[in-house]
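Taking it in order: structure first as structure tokens, then the write-up.
For the single chain, residues carry numbers from 1 onward in sequence order.
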Amino acid sequence: MLNRLERLTQRVGGSNELVDQWLHARKELLVSYCTLVGLKPNKEKHTPLNEKALDNFCHNLVDYLSAGHFHLYQRVIDEAEGASSPVKLQAAKIYPALELNTEAIMAFHDSYTENDIDDDNAFAFHYALSDVGEALDARFQLEDQLIILAFDRSNHEEKPPANEEHLARPA
């Protein structure tokens, strides 16, 4: 996920301040997720749950999801083009999948911020954490589609018609 984020940042970074902030917030969320799951070199197989890392991840998660739904998605589309543009119509098809994704991720958040994690539910927690990682990956792919639709101008360049006068015609 971090590698894909880096490629997207190289592709559209600097094209819009809003997108740059969004991608930076995503990176913070990913770093907090990696810290929580313990993705680092030479880590022990069985490490105790880092409650501070869980709190930090949950905080970043809620901030990220909220910013997307209440601020970023609509602004991205509004900045893209006019109300009836093909870009806006394509983006509208992405929203329902993002909403379903949010519900799934928030179910994890609600479940594991309201209940303590102990030996009885640690196994289920790790599975849920893996599921959240997969849900985040799916979400980022959807959001990448929005970003590319709105801000990657190479997708919007007009292709010249095949019958242009300046094209050489076969004899």
Side-chain angles (χ1 to χ4, degrees), residues 1-41 43 47 49-81 83 85 87-115 117 125-156:
M1 286 187 279
L2 282 169
N3 290 334
R4 194 172 63 233
L5 173 61
E6 182 63 30
R7 286 190 303 273
L8 180 66
T9 301
Q10 290 173 355
R11 184 173 175 180
V12 299
S15 63
N16 183 284
E17 184 178 336
L18 177 64
V19 171
D20 292 342
Q21 291 171 355
W22 189 2
L23 296 178
H24 179 74
R26 183 188 295 182
K27 184 175 184 176
E28 288 180 3
L29 176 61
L30 282 171
V31 168
S32 67
Y33 177 78
C34 291
T35 300
L36 177 59
V37 298
L39 292 178
K40 51 189 161 188
K43 86 167 187 87
T47 56
L49 174 67
N50 181 340
E51 299 228 1
K52 184 177 179 182
L54 177 60
D55 290 343
N56 186 46
F57 171 69
C58 287
H59 175 76
N60 284 334
L61 183 65
V62 169
D63 285 352
Y64 186 85
L65 296 176
S66 298
H69 277 286
F70 299 117
H71 304 290
L72 295 171
Y73 299 156
Q74 193 57 48
R75 284 184 59 195
V76 163
I77 299 311
D78 288 347
E79 288 184 20
E81 294 183 13
S85 76
V87 169
K88 194 161 193 162
L89 295 174
Q90 284 181 285
K93 294 176 183 176
I94 297 171
Y95 287 144
L98 284 168
E99 289 175 10
L100 290 172
N101 181 279
T102 299
E103 290 174 18
I105 293 173
M106 286 308 296
F108 165 85
H109 174 272
D110 294 345
S111 178
Y112 290 102
T113 56
E114 295 174 4
N115 301 311
I117 298 160
F125 170 74
H126 286 287
Y127 270 112
L129 196 56
S130 177
D131 290 344
V132 165
E134 291 176 17
L136 287 173
D137 185 50
R139 173 181 214 83
F140 298 154
Q141 290 179 38
L142 292 167
E143 291 175 347
D144 291 355
Q145 290 175 34
L146 281 178
I147 291 169
I148 290 167
L149 276 172
F151 297 106
D152 186 356
R153 293 299 166 207
S154 65
N155 281 352
H156 308 303

Check whether any side-chain N or O of [X] sits under 3.5 Å from a backbone N or O of [Y] as a donor-acceptor pair, and report yes or no.
X: Tyr73; Y: Glu143; answer: no
X: Thr35; Y: Val31; answer: yes
X: Ser32; Y: Leu29; answer: yes

(request) May I ask you to check whether over 12 heavy atoms, not counting those of His24, lie within 6.0 Å of atom NE2? (result) no
(message) Please determine whether the number of non-hydrogen atoms from other residues, nucleotides or ligands lying under 6.0 Å from atom CD of Gln141 exceeds 12.
(response) yes
With a 4.5 Å limit on heavy-atom distance, are the side chains of [X] and [Y] in contact?
X: Ile94; Y: Leu149; answer: yes
X: Gln90; Y: Leu146; answer: no
X: Val132; Y: His109; answer: no

Quick one: [atom1] on [X] to [atom2] on [Y], what's the gap to the nearest 0.5 Å?
X: Ser66; Y: Leu72; atom1: OG; atom2: CG; answer: 10.5 Å
X: Phe140; Y: Gln145; atom1: CZ; atom2: CD; answer: 14.0 Å
X: Tyr64; Y: Thr102; atom1: OH; atom2: OG1; answer: 10.0 Å
X: Asn56; Y: Leu61; atom1: CG; atom2: CG; answer: 11.0 Å
X: Leu30; Y: Arg4; atom1: CG; atom2: CZ; answer: 9.0 Å
X: Asn60; Y: Leu65; atom1: CG; atom2: CG; answer: 10.5 Å

(message) Please give me the minimum heavy-atom distance between Leu98 and Arg139, naming the atom from each residue.
(response) O-NH1, 3.6 Å
(request) Can you see which heavy atom on Leu136 is nearest to which on Tyr33, and at what distance? (result) CD1-CD1, 4.4 Å
(request) Quick one: do Val62 and Met106 satisfy side-chain contact (heavy atoms from CB on, under 4.5 Å)? Show the steps, please. (result) CA-CA 8 Å; Val62 169; Met106 286 308 296; 4.2 Å; yes
(message) Would you say His59 and Asp63 are linked by a side-chain donor-acceptor pair, where the criterion is simply a distance under 3.5 Å?
(response) yes
(request) For Glu17 and Gln21, test the side chains for any donor-to-acceptor distance below 3.5 angstrom and give the result as yes or no. (result) yes
(request) Take Phe108 and Asp131 through the side-chain contact (heavy atoms from CB on, under 4.5 Å) test and state the conclusion after the steps. (result) CA-CA 9 Å; Phe108 165 85; Asp131 290 344; over 6 Å; no
(request) Given side-chain contact (heavy atoms from CB on, under 4.5 Å), test Phe125 with Leu54 step by step and report yes or no. (result) CA-CA 11 Å; Phe125 170 74; Leu54 177 60; 4.0 Å; yes
(request) Could you note down all residue pairs passing salt bridge (charged side-chain N to carboxylate O under 4.0 Å, His left out) where residues 90-104 supplies at least one of them, sequence neighbours left out? (result) none
